[in-house]
Peer 1: 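If you scroll down you'll find the structure; I have some questions about it.
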Amino acid sequence: QVQLVESGGGLVQAGGSLRLSCAASGRTFSSYTMGWFRQAPGKEREIVASISRAGGTTYYASSVKGRFTISRDNAKNTMYLQMNSLKPEDTAVYYCAGSSRSGLALRTYEYDYWGQGTQVTVSS
């Protein structure tokens, strides 16, 4: 079992920045591909970014590419999402997730463990 806890969400003005963290406990963090997802009201949960086990390979949704950066520190059992140039359309609950698959994982069904989510609200 892996327990995931997100933090760092909040209210920010458009153009601002936030840094989300995902702290993992339980089984070996470095053995999991990790991802960030988000879900806005009335919409499906969507992939934001994914990072491979060692952190050498990343994926970004086109809507966040160039603005968001995913990273991980396996020594600290923590994953991060640096979000810059935030837009009102980035408003959502952000979830971190862990997958036992190798490489990258881009679909919700590929993930085995989920955090409880953290709210990000971007005002215009």
Side-chain angles (χ1 to χ4, degrees):
Q1 283 281 358
V2 175
Q3 292 79 42
L4 302 173
V5 179
E6 303 96 335
S7 61
L11 173 64
V12 63
Q13 289 188 332
S17 298
L18 283 174
R19 188 193 197 201
L20 304 184
S21 298
C22 173
S25 60
R27 299 183 66 179
T28 307
F29 176 69
S30 59
S31 66
Y32 290 90
T33 292
M34 298 297 294
W36 287 100
F37 288 76
R38 67 186 181 187
Q39 187 167 19
K43 295 188 176 182
E44 292 187 354
R45 192 169 298 188
E46 62 176 4
I47 182 77
V48 175
S50 179
I51 188 166
S52 61
R53 293 170 178 174
T57 305
T58 58
Y59 165 86
Y60 296 94
S62 57
S63 58
V64 307
K65 192 174 294 183
R67 300 188 298 123
F68 291 11
T69 302
I70 189 171
S71 62
R72 64 190 297 166
D73 186 337
N74 287 343
K76 295 182 178 180
N77 288 356
T78 304
M79 176 179 65
Y80 306 97
L81 185 68
Q82 178 66 44
M83 305 186 295
N84 299 329
S85 303
L86 282 161
K87 305 175 181 180
E89 51 263 43
D90 294 318
T91 296
V93 177
Y94 283 71
Y95 298 90
C96 70
S99 171
S100 57
R101 292 176 179 244
S102 60
L104 298 175
L106 307 185
R107 304 284 186 259
T108 56
Y109 63 80
E110 295 179 304
Y111 285 84
D112 308 292
Y113 303 102
W114 294 84
Q116 83 289 350
T118 185
Q119 177 71 47
V120 171
T121 303
V122 184
S123 63
S124 58

Peer 1: With under 30° as parallel and over 60° as perpendicular, where do the rings of Phe68 and Tyr94 fit, or are they tilted in between?
Peer 2: tilted
Peer 1: Looking only at non-hydrogen atoms, find the nearest pair between Lys87 and Val122 and report the distance.
Peer 2: O-CB, 3.2 Å
Peer 1: Test your reading of the model: is there a side-chain donor-acceptor pair from Thr118 to the backbone of Ser7, 3.5 Å cut-off?
Peer 2: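 A pair under 3.5 Å: no.
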Peer 1: Would the distance check show the side chain of Arg72 and the main-chain N or O of Thr33 forming a donor-acceptor pair, the cut-off being under 3.5 Å?
Peer 2: no
Peer 1: Is a side-chain N or O of Ser99 found less than 3.5 angstrom from the main chain of Glu110, in a donor-acceptor match?
Peer 2: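 Looks like yes, one N/O pair under 3.5 Å.
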Peer 1: Quick one: does Arg53's side chain have a donor or acceptor within less than 3.5 Å of a partner on Ser31's backbone?
Peer 2: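 Checking the backbone N and O of Ser31 against the side chain of Arg53, a donor-acceptor pair under 3.5 Å is found.
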Peer 1: Restricting to non-hydrogen atoms, name the atom on Ala24 and the atom on Val2 that form the minimum distance, rounded to 0.1 Å.
Peer 2: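 Looks like CB-CG1, 4.3 Å.
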Peer 1: Looking at side-chain heavy atoms only, is the closest gap between Arg38 and Ser63 below 4.5 Å?
Peer 2: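 A side-chain contact under 4.5 Å exists here.
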Peer 1: Checking the side chain of Tyr95 only, and the main-chain atoms of Trp114 only, is there a donor and an acceptor separated by less than 3.5 Å?
Peer 2: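 Checking the backbone N and O of Trp114 against the side chain of Tyr95, no donor-acceptor pair under 3.5 Å is found.
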Peer 1: Taking the side chain as C-beta and beyond, is there a heavy-atom pair between Asp90 and Arg67 under 4.5 Å?
Peer 2: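 Yes, side chains in contact.
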Peer 1: Could you point out which residue of Glu46, Arg107, Arg45 forms a side chain to side chain contact (heavy atoms under 4.5 Å, CB included) with Phe37?
Peer 2: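 The passing option is Arg45.
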Peer 1: I'd like to know if the side chain of Ser52 and the backbone of Thr58 have a donor-acceptor N/O pair within less than 3.5 Å.
Peer 2: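 Between the backbone of Thr58 and the side chain of Ser52 there is no qualifying donor-acceptor contact (under 3.5 Å).
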Peer 1: Please check if the side chain of Glu6 supplies one atom and the backbone of Gln116 the other of a donor-acceptor pair under 3.5 Å.
Peer 2: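 Here the side-chain-to-backbone pair exists.
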